[in-house]
Every structure is written in structure tokens, then in C-alpha cells.
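Each chain gets a letter, A, B and so on, in the order its sequence line appears, and its residues count up from 1.
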Amino acid sequence: MLDIALIRKTPDEIKARLAARSGELSSQIDAVLRCDTQRRQAETKLQQLQADRNRISKEIGAKKKAGEDTSEIEAQVRGFGEDMKRLNEETTALDTEQRDLLLGIPNTPHEACPAGADAAANPEIRAWGAKPVFTFQPKSHVELGEKLGLFDFNRATKISAPAFTCYTGPGARLERALINFLLDTHTRTGGYTEIAPPLLVNADALIGTTQLPKFADQLYHCPEDDLYLVPTAEVPVTNLHREEILKLDQLPIKYAAYTPCFRREAGAAGLGTRGLIRMHQFDKVELVKICHPSQSMAELELLTADAEKILQTLGLHYRVIELCTGDLGFGSAKTYDIEVWAPGQGSYLEVSSCSNFADYQARRMALRYKDENGKNQFCHTLNGSGTALARLYVALLENHQQPDGTIAIPEPLRPYFGAEKIG
RNA sequence: GGAUGGGUGGCAGAGUGGUCGAAUGCGCACGCUUGGAAAGCGUGUUAGGCUUAACCGUCUACGAGGGUUCGAAUCCCUCCCCAUCCGCCA
């Protein structure tokens with residue numbers, strides 16, 4: 001969340017920066033400011049009363065010890081109780097209200113973020129490789145996969161629900177090979193520490209990484225235990241250090257985690273389309289960084305490069321676009337999306353989204369470090385997919401399909417898959 | 001799920017109604033000492049809020065919430081978590 005002290009100090013500047021996002025946010029800033037003023041008034045009154053009570057109570061203790069009569073002075077302070085209780089409730093309520101308001105206000109985009117209204121305004125930053133040229137009409141991954149027995153949508157629906165799939169035989173092995181390839185690459189050459197986190201998390205974790213309270217309808221919830229299925233490893237992994245005060249020499253922290261991801265995708269376009277591109281469950285290897293504020297912009301570039309390296313190694317043409325202010329995610333200050341070419345679709349697929357959240361998430365989860373002067377400061381957090389598996393799988397099948405209907409496995413993946421081709 | 005014992009500062013661990021944000025030890029930081037280090041000595045070392053340019057001051061927090069009281073780490077209630085044992089189980 002945003003810093004209330006900063007909002008108080010420079011409300012117009014905050015409003016101006018938020019105005020670049022979609023949606024009307026300046027009235028929310030006004031609301032939080034009103035609440036803040038009331039809260040502080042109530043708090044000051046309460047504290048005055050508490051200070052008086054403490055002073056008198058101390059006096060009573062001293063007098064009793066001296067054997068003096070205290071009944072009169074006790075009667076005097078007895079009346080404090082009711083006022084204090086009322087003011088305490090008022091303060092607590094205003095405090096909660098202020099926090100709720102702050103949780104609903106998105107992050108301010110970074111100054112370097114390109115201005116724009118929506119996805120159409122996202123600039124392309126760079127591209128790697130080129131669209132492959134086929135001597136035949138490239139097939140969709142759905143057709144390729146069903147012919148080769150790589151996955152089974154019908155049976156997955158039978159045992160679960162639409163928009164789930166079941167990988168089978170060599171298809172399951174390919175998925176596993178990709179997971180291992182991604183994790184090995186990031187941990188061996190990227191310097192990331194591997195994490196295998198819980199797949200069910202509590203609400204506090206989801207608040208920390210901004211999935212709650214605003215996006216509850218996208219989450220699978222187990223009400224019996226009040227736990228949620230992870231929509232991304234970002235949630236458990238970033239929250240690993242929630243409410244901690246890290247030492248300077250611990251930074252930067254770099255984690256890589258493989259998890260399945262569960263998303264309800266309520267209202268999402270393309271859910272009804274057969275295929276691996278949008279599903280309720282998919283695998284992903286996520287990269288998470290916790291770093292010093294001065295380093296986060298540089299770390300974002302490195303993070304994006306780490307994700308790109310995967311596509312390069314697999315010989316997949318992609319482009320990097322930067323999200324403009326109007327298309328930026330709720331908590332992000334700056335985001336790069338990586339889109340891989342999928343010839344069977346005739347379009348690019350988003351396989352990675354790399355974001356710098358600055359101190360926005362850290363503030364929500366009280367994630368701090370002790371600076372050079374011994375003062376506690378909020379860390380900066382980042383994350384990026386490295387990469388999403390299902391769409392990478394699509395790209396792999398569609399880009400490396402052969403005229404005879406087989407799939408060539410790229411060289412670096414062969415030790416993991418155990419063969420040179422599928423089919 | 002059942003039983004028992006516990007949750008206090010970075011860690012260990014005192015404290016069972018008042019001067020306790022909290023003894024002591026360890027750790028850590030700085031200083032003295034030293035050729036240098038160790039030892040020794042000294043000083044400091046939780047977090048959040050309000051107020052402030054800052055210092056100061058003040059409030060809150062001893063797992064969480066509520067209650068009793070002029071006053072709660074300390075007494076009462078509820079909940080959560082941890083440990084061990086039993087049951088169940090990959």
C-alpha cells in the first residue's frame with residue numbers, strides 16, 4: 001500500500017501519479033485523508049486520557065505504599081474508563097477503516113513508466129529471434145497434442161471440470177522435463193535459491209501480494225480452513241519474509257519456485273476455448289526478488305533477462321513489451337511482459353510478466369531491512385514468471401513441429417526429456 | 001481428533017497486581033585497552049503510532065481478542081500457535 005505520511009504530505013502529487021492509471025482514484029485519496037485526520041484526532045485525545053490515568057495510577061500506588069488513604073483519588077480516576085473505552089473503539093475503527101481504504105488504492109506507476117490508456121499503448125521494447133518459416137500449414141498445439149497423446153481434455157473434464165487438462169505419457173514427461181529444466185537453469189546459472197512452498201495459503205499472505213481483498217473472486221477458497229489455493233508462487237514465496245526485518249547483507253534475496261497455479265478466471269476471455277492457453281490450473285516457475293530500494297530497477301532488468309534466457313535457450317522467438325500506466329497491474333510500479341510466438345495460433349502468448357512493486361507489497365506485509373544507520377526501511381519486491389509452463393508448452397509444440405507431425409525437442413531440453421523428438 | 005505442557009526483547013531466560021518495556025546471561029554495535037587480536041572494562045542495543053525539521057516528550061504492544069481493577073506480563077474467559085505423547089496416515 002501507499003505511505004499515508006506521503007499522501008498526507010503531497011496529496012496532489014500522489015493523485016496526479018495515480019491519474020495515469022485507469023479508474024478514478026482521487027476521491028479515494030480524499031477519503032483516506034479524511035479518515036487519517038479523524039483517526040489522529042481521536043488517537044491524540046485517547047492518549048491524553050491514558051497519560052493522565054497512568055500518572056494518577058502511579059500516584060495511587062505510591063500513596064498506598066506509604067499507607068495513605070487513596071479512596072478520593074481513586075474515585076476521581078474511575079470516571080475515565082467510559083471515555084477511554086469509547087475513544088479506544090473509535091480509534092480502532094478509524095484505524096481499520098484507514099487500512100481498508102489504503103488496501104484498495106493501487107500503486108503509483110514509476111516515473112519511467114510509459115503513459116497510455118490501455119494495452120494498445122504498450123510499447124515493444126525489443127524482440128529476439130524471428131518467426132519460423134514452415135513449408136506446410138503449422139498446426140495448433142491442440143491438434144498436435146491430441147494426435148500424439150500428450151494431453152486429454154475430455155477425460156480431465158470428466159474427472160474435474162472444463163478448462164482443466166490431464167497430461168499423459170510423453171506429454172506428462174515433457175511437462176516434468178520443462179519444470180526441471182527451468183528450475184535447474186535459474187538455480188544453477190541465475191543464482192536463485194529453490195523454494196517448494198505450500199500450495200494453500202492464508203488471507204494475510206494474499207493481502208501482502210495484493211490478491212486480496214480486491215480480487216477475491218479469482219481465487220479458489222477452502223472455507224472450512226479459510227485457506228486459498230495459490231494463484232501463483234509469488235504469494236507464498238514473497239510472503240516468506242513477511243513481518244521480518246532483514247539485515248543489509250541478506251539482500252538481495254532471489255528465489256525460484258515451481259508450483260501449480262489455480263485461478264478461477266471468472267469473466268476471463270478465452271476460457272471457453274479448448275487448449276492450454278487459459279486454464280484453471282497450470283504449472284509455473286516463478287522468480288521472486290527482495291532487494292534494496294536503490295537496486296530494484298536494475299534487478300527488474302536482470303529478472304526480465306533471466307526469463308528471456310529460457311526462451312532463447314529453447315529457440316523460441318519472442319518480444320518484450322512494457323506495460324503502459326493504464327495497463328499496469330494493481331501493485332506494480334513497472335512491468336515488462338514477455339510474449340512468445342505461437343505459429344499455430346498466429347499470435348503471441350504472454351509467458352512471463354516481470355514486475356517491480358517497489359515498496360508497495362513490502363508495506364502491506366511489513367517486510368523491512370535495517371539500513372546503514374540502523375533505521376528500518378521497507379524492502380522492494382519483484383517477481384516474474386520464469387516462465388509459465390502451459391503456454392511455453394504450446395510454443396514448444398507449435399514452433400518445433402515437423403512436416404511429419406512429430407515434435408523436435410530442442411537440444412538443451414533433451415537430457416531432461418530423454419529423447420530427441422516426440423512421435 | 002484426544003491428553004499434557006508451553007508461548008516474554010536477535011537468542012536463552014527471570015518476573016505471579018503498582019516505581020516493569022521488562023532482571024540476568026549470550027549475541028551484536030561503538031569506545032577504551034593492544035603492535036594486532038583475544039580477554040577485560042565502559043556505553044548502547046524491540047517495534048509501531050501521535051507530536052516534531054530533529055531532539056525531547058507521550059501512547060501502545062510480554063501469542064491474539066475480550067473481561068476484572070484506579071492500575072495487568074502477572075488474575076478470569078475465548079481463540080490461535082508451538083512441543084511431547086496417543087490415535088490416524090503419505
Contact under 4.0 Å: [X] side-chain N or O vs [N] OP1/OP2:
X         : N       : value
Lys370(A) : rU46(B) : no
Arg55(A)  : rC70(B) : no
Asn376(A) : rU46(B) : no
Asn54(A)  : rG71(B) : no
Arg53(A)  : rC59(B) : no
Arg78(A)  : rC70(B) : yes
Arg8(A)   : rC50(B) : yes
Lys247(A) : rC28(B) : no

Please check this pair: side chain of Arg414(A) against backbone of Ile409(A), looking for a donor-acceptor N/O pair closer than 3.5 Å.
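Answer holds: yes.
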Can you tell me how far [atom1] in [N] sits from the matching atom in [M], rounded to whole Å?
N       : M       : atom1 : result
rU74(B) : rA14(B) : C1'   : 13 Å
rG31(B) : rG18(B) : P     : 41 Å
rG2(B)  : rU16(B) : C1'   : 30 Å
rC56(B) : rU45(B) : P     : 11 Å
rA73(B) : rG67(B) : P     : 15 Å

Using atom [atom1] of [X] as one end and atom [atom2] of [N] as the other, report the distance to the nearest whole Å.
X         : N       : atom1 : atom2 : answer
Leu87(A)  : rG49(B) : CG    : P     : 21 Å
Leu248(A) : rG10(B) : CG    : P     : 18 Å
Lys64(A)  : rG17(B) : NZ    : P     : 14 Å
Lys9(A)   : rU52(B) : NZ    : P     : 13 Å
Leu94(A)  : rG49(B) : CG    : P     : 17 Å

Please classify the nucleic acid contact of Lys45(A) as base, sugar-phosphate, or nothing, using heavy-atom distances under 4.0 Å.
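Nothing, no heavy atom under 4.0 Å.
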Would you mind classifying the nucleic acid contact of Ile56(A) as base, sugar-phosphate or nothing, using non-hydrogen atoms under 4.0 angstrom?
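The residue Ile56(A) makes no contact with any strand.
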Determine which nucleotide pairs with [N], using a 3.5 Å limit on both distances of a Watson-Crick or G-U wobble pair.
N       : result
rC30(B) : rG42(B)
rA3(B)  : rU84(B)
rA64(B) : rU78(B)

Relative to the ring of Phe262(A), is the ring of Tyr220(A) parallel (under 30°), tilted (30 to 60°) or perpendicular (over 60°)?
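It falls in the perpendicular class, over 60°.
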Quick check on side chain to side chain contact (heavy atoms under 4.5 Å, CB included): which of Asp327(A), Leu328(A), Ile321(A) does Cys324(A) satisfy it with?
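That would be Asp327(A).
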